[in-house]
Amino acid sequence: MTTTIEPTALALPEEGVDPEALFAQMAEAARDDVDRGNPRVRAPIYFAEEDVFDVQREAYSRFLQSNGLYAAAFKSVARFERDVIEMTGRLFNNPAPVGNITSGGTESILLGIMAARNRARKQRGITEPEIVAPMTAHPAFNKGAEYFGLKITRTPIDGDCLLDLDAYKAAVTPNTVLMVGSAVNWSFGTIDPIPEMAAFAAERDINFHTDGCLGGFLLPFVEQLGYPVTPFDFRVPGVSSLSADLHKYGYAARGTSTINWRNEALREHHIFQFDATNWTSGNYRTPTMAGSRPGGAVAAAWAVMHYLGQRGYREAAARKMRTMDRLKAGIRAIPGLKVLANPAAAIFAFGSDEVDIYAVADGLEARGWSVARGRAPASIHMMEYGYAMEGAADQYLSDLEDALNDVRGLGLEAKDREARYGAS
Ligand SMILES: *Cc1c(COP(=O)(O)O)cnc(C)c1O
């Protein structure tokens, strides 16, 4: 054991390092990582109080070495996954839930795409498959199209940043195998008109995927709180699959999401299976993209869901909604600024018809706030991951008003025009 670590060592050290020295180095490495409690930076860490992290940590560490690939060896993990899918599916109003836990929203979406492609190939003979998705859908849909060889058509939003439904329908061709909507989308926090979109898909035997990666574990509770929520889940006929991220507002550990299906006949198209004649070692079957799967992550999701219960999720959602309502109302009250579209939860964006909003963003940055910029239309993107903005909303609003007045009074021009994904 040594206690020194070469800062620039490129090779595996010959001698093992003493744990104390090791963890000191790791703490040093993390010194400049983002701080969850700092509202000016807004760390992308979904948070529902420290005790929830304690439950995650304890559950994860107890199942650290268990592997979801080996269902017979780790019956616990298999049961946790089944239970999480049961609870999640029911939350989304499917009385007979089926689905899987995946490594994250992207994997859930990839499985939704692959299963749609496979079903259409088998049942409709489609060899040149296409996806139709709004401009507001997550980049993971393009990633999946690229991975699995589909064409993807992105359809426009209107002047109010809402989906142009006619253009969306017009983009559907005889080769369309998947239509997509978001609840909520990342850009504006809007729920797409899922009932109209999914009905159009169902009439043509096309899979419809609701991307609830962000909103999935928030909207059911937001609805319970009495806010208006456009139907997005299995209550809507035609919704075939729904992704919802446990590692976002599900408050589970990193590396967990869910893909929920209306029924097994739809789900089976992402199960990979081949028989012993193709491999020297025998049959092999996996339901998701991974082989070995971290049992700890699954256990942590199961534990957190039971720990919080519906009441815990509802209370966390209520606190976040209050903060966002305060911010939206404050911004609407400032002449020259406008909240874009009709945000339902988690996120909103605001812009201006009068001034260059990127110049306002510069002014906020000069006052110590890090700002995420939206591209089309030019906007400022606001999101509450945890509770950081709870006590900072009034300060933000007054700094925003000052920044806006400077842009107006001094005729300031924007220095930074680059739009980036999420918090910068
Ligand atoms: C986060 C997110 C995804 C992708 O999820 P990852 O966990 O980052 O892979 C997809 N869609 C929406 C709306 C998201 O917010």
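Counting starts at 1 for both ligands and their atoms, in listed order. Not measured: the values here are computed from a predicted model.
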Quick check on side-chain hydrogen bond (donor to acceptor under 3.5 Å, both in side chains): which of Q123, R119, R124 does D205 satisfy it with? R119
According to the interplanar angle, ranging from 0 to 90°, do the rings of Y251 and Y249 count as parallel (below 30°), tilted (30 to 60°) or perpendicular (above 60°)? perpendicular
So which bit of D211 gets within less than 4.0 Å of ligand 1, heavy atoms only: side chain, backbone, both or neither? side chain
Does ligand 1 have an atom under 4.0 Å from some heavy atom of N185? no
Within the 4.0 Å heavy-atom shell around V184, which atoms of ligand 1 are there? 13 (C)
Do the ring planes of Y313 and F221 sit parallel (below 30°), tilted (30 to 60°) or perpendicular (above 60°)? parallel
Report the relative orientation of the aromatic rings in F80 and F63; use parallel for angles under 30°, tilted for 30 to 60°, perpendicular for over 60°. perpendicular
N67 side chain vs R293 backbone, donor-acceptor pair below 3.5 Å: yes
Using modelled atom types and a 3.5 Å cut-off, is there a donor and acceptor pairing between side-chain atoms of R204 and backbone atoms of F200? yes
Where the closest heavy atom to atom 9 (O) of ligand 1 is concerned, which of T102, L246, I109, T106 has it? T106
With atoms numbered from 1 as shown, which atoms in ligand 1 lie under 4.0 angstrom from a non-hydrogen atom of D245? 1 (C), 5 (O), 7 (O)
I'd like to check whether W186 has a polar contact with ligand 1, where a contact means an N/O of the residue lying under 3.5 Å from an N/O of the ligand. no
Per-residue contact class, E107 against ligand 1 - non-hydrogen pairs under 4.0 Å: neither
Between ligand 1 and K248, can you find any atom pair, the residue atom being a heavy atom, that is separated by under 4.0 Å? yes
Any donor-acceptor N/O pair, R62 side chain to A299 backbone, under 3.5 Å: no
Evaluate C213 for polar contact with ligand 1, using N/O atom pairs at a separation under 3.5 Å. no
